[in-house]
Amino acid sequence: KLITVHYDDKPIYNITIEKDYSKLASVIKEQVEAEHKVCVVSDSSVASHYLDAVMDIASECVSKVTSFVFPAGEESKNLNVVEDLYEHLIKEKFDRKDILLALGGGVVGDLTGFAASTYLRGIKVIQLPTTLLAMVDSSVGGKTGVDFRGYKNMVGAFHQPRLVYMNLSVLGSLSERLFNSGFGEIIKHAYIKDSEYLDYIKNNTVNIMSRQPGCLEEII
């Protein structure tokens, strides 16, 4: 499924919703030339599940693929980790034609997006959200940032992704707590904005909680 995000009635980028990563190579090739580089940014939790697969796919598309993995958790969402990412990109000679892939939940997406917005005054980023909350909230809209000395999200920028690729199969590995946090955000959206959407959720709660792919695609 393809959804185009608009701003001021102008198309900005696409959201691709798929059951796996089978179409990821084609969308990467649309955004970066074969002679350029990709850096997959992830955290230690997500990387253990999906990093190798995404790097293998990216290696089909470009001349060089690197990875940057930081410890999972909100405590890593800070400028020190961003500086480490900058250093990695500098050492790997990333330029403005190269691209970052943010593979993870909200922390990964926010941190990678912020680094992309500021490295060489802005380079491209593709969001690959791996949590339900990131799919329905943080990966969309270009809102990036990090925490600063205990103050949450105080440093950031709006930097729109070149695209968002949502692989529904990754939701099967989420803990119940992480799945429910995303589902809670979905319910909030429904109560605020859309009574028909809320009715769909009420009528399909069992299928949603059992992570039936068709229902997940619909609510996302």
Side-chain angles (χ1 to χ4, degrees), residues 5-8 10-15 24 27-33 35-47 50-51 54-55 58 61-131 133-135 137-166:
V5 175
H6 291 76
Y7 183 74
D8 286 342
K10 296 178 181 178
I12 304 298
Y13 59 89
N14 291 328
I15 300 171
L24 181 58
V27 298
I28 292 174
K29 289 176 182 178
E30 292 173 0
Q31 300 299 328
V32 63
E33 299 295 330
E35 65 268 24
H36 296 138
K37 298 180 287 294
V38 165
C39 178
V40 184
V41 183
S42 192
D43 67 31
S44 55
S45 177
V46 174
Y50 306 113
L51 179 62
V54 170
M55 289 191 68
C61 307
V62 295
S63 63
K64 185 174 184 179
V65 180
T66 70
S67 65
F68 178 85
V69 178
F70 59 84
E74 182 77 21
E75 59 272 15
S76 290
K77 188 177 163 182
N78 59 64
L79 290 173
N80 292 329
V81 176
V82 173
E83 288 180 4
D84 291 341
L85 176 53
Y86 290 153
E87 185 174 35
H88 175 81
L89 297 175
I90 291 167
K91 288 181 176 179
E92 296 293 342
K93 297 180 169 58
F94 270 63
D95 62 32
R96 288 192 181 121
K97 294 180 180 179
D98 300 323
I99 195 165
L100 306 185
L101 305 187
L103 175 66
V107 170
V108 173
D110 282 2
L111 187 147
T112 308
F114 177 68
S117 75
T118 47
Y119 181 74
L120 294 177
R121 300 184 178 91
I123 63 172
K124 294 180 286 188
V125 61
I126 292 175
Q127 292 283 350
L128 305 177
T130 59
T131 66
L133 182 59
M135 289 183 183
D137 182 33
S138 59
S139 70
V140 179
K143 185 174 64 176
T144 76
V146 295
D147 304 336
F148 179 74
R149 296 183 181 177
Y151 300 96
K152 187 172 175 62
N153 293 331
M154 288 302 294
V155 178
F158 285 98
H159 186 65
Q160 301 296 345
R162 296 307 294 258
L163 64 95
V164 181
Y165 190 105
M166 301 181 182

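Side chains are part of it too, since the values below use all heavy atoms of this structure and drop only hydrogens, waters and symmetry mates.
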Main-chain N/O of T130 paired with Y50 side-chain donor or acceptor, under 3.5 Å: no
Looking at every non-hydrogen atom in both residues, tell me the closest pair between M55 and V65 and how far apart they are. CE-CG1, 3.8 Å
Of all the heavy-atom pairs spanning L111 and S76, show the shortest one and how long it is. CD1-O, 3.5 Å
Closest non-hydrogen atom pair between A102 and V108, with its separation: C-CG1, 4.0 Å
Do V140 and M166 come within less than 4.5 Å of each other through their side chains, counting heavy atoms only? yes
So which pairs with a foot in residues 95-115 pass side chain to side chain donor-acceptor pair (under 3.5 Å), sequence neighbours left out? K37-D98, K77-D110
Between E35 (side chain) and V62 (backbone), is there a donor-acceptor pair under 3.5 Å? no
For the pair S63 (side chain) and H36 (backbone), establish whether a donor and an acceptor sit closer than 3.5 Å, ignoring hydrogens and angles. yes
Just do the side-chain contact (heavy atoms from CB on, under 4.5 Å) check on I126 and V32 with the steps written out, would you? CA-CA 11 Å; I126 292 175; V32 63; over 6 Å; no
Can you give me the closest heavy-atom contact between S138 and G106, atom names plus distance? OG-CA, 3.5 Å
Indicate yes or no: at least one non-hydrogen side-chain atom of L51 is less than 4.5 angstrom from one of S67. yes
Hey, is the main chain of G104 close enough, under 3.5 Å, to the side chain of S42 for a donor-acceptor pair? no
Q127 to P161 - nearest heavy-atom pair and separation: CG-CB, 3.9 Å
When you compare the side chain of L24 with that of L128, does any pair of heavy atoms fall below 4.5 Å? yes
Going by the salt bridge (charged side-chain N to carboxylate O under 4.0 Å, His left out) test, which pairs reach into residues 139-162, not counting sequence neighbours? E74-K152
Is there a side-chain contact between V81 and F68 in this structure, where contact means two heavy atoms from C-beta onward sitting under 4.5 Å apart? yes
Just to verify, what does Y13 make a side chain to side chain donor-acceptor pair (under 3.5 Å) with, not counting sequence neighbours? none
What's the spacing between F114 CZ and L79 CG if we round to 0.5 Å? 6.0 Å
Sequence-distant partners of E92, side chain to side chain donor-acceptor pair (under 3.5 Å), two or more places apart: K64
Side chains of V54 and L101: does their closest heavy-atom pair fall under 4.5 Å? yes
Backbone N or O of A157 within a donor-acceptor pair of the T144 side chain at under 3.5 Å? yes
Do C39 and L89 come close enough that some side-chain heavy atom pair is under 4.5 Å? yes
Residues pairing under salt bridge (charged side-chain N to carboxylate O under 4.0 Å, His left out) where one sits in residues 117-128, two or more places apart or in two chains, turn out to be none
Atom CD of E30 and atom CG of N14: how far apart are they, to the nearest 0.5 Å? 8.0 Å
Point-to-point distance, once rounded to the nearest 0.5 Å, from CD of Q31 to CG of L163: 5.0 Å
Closest approach of S139 to P129 (non-hydrogen atoms, all atoms of both residues): OG-CG, 3.7 Å
Can you list everything that forms a side chain to side chain donor-acceptor pair (under 3.5 Å) with T118? Sequence neighbours excluded, please. Y86
I would like to know whether F94 and L120 meet side-chain contact (heavy atoms from CB on, under 4.5 Å); could you show each step before the answer? CA-CA 9 Å; F94 270 63; L120 294 177; 5.9 Å; no
Could you check whether any side-chain N or O of D43 sits under 3.5 Å from a backbone N or O of S45, counting only pairs where one atom can act as donor and the other as acceptor? yes
Residues V125, Y119; criterion side-chain contact (heavy atoms from CB on, under 4.5 Å); working and verdict: CA-CA 11 Å; V125 61; Y119 181 74; over 6 Å; no
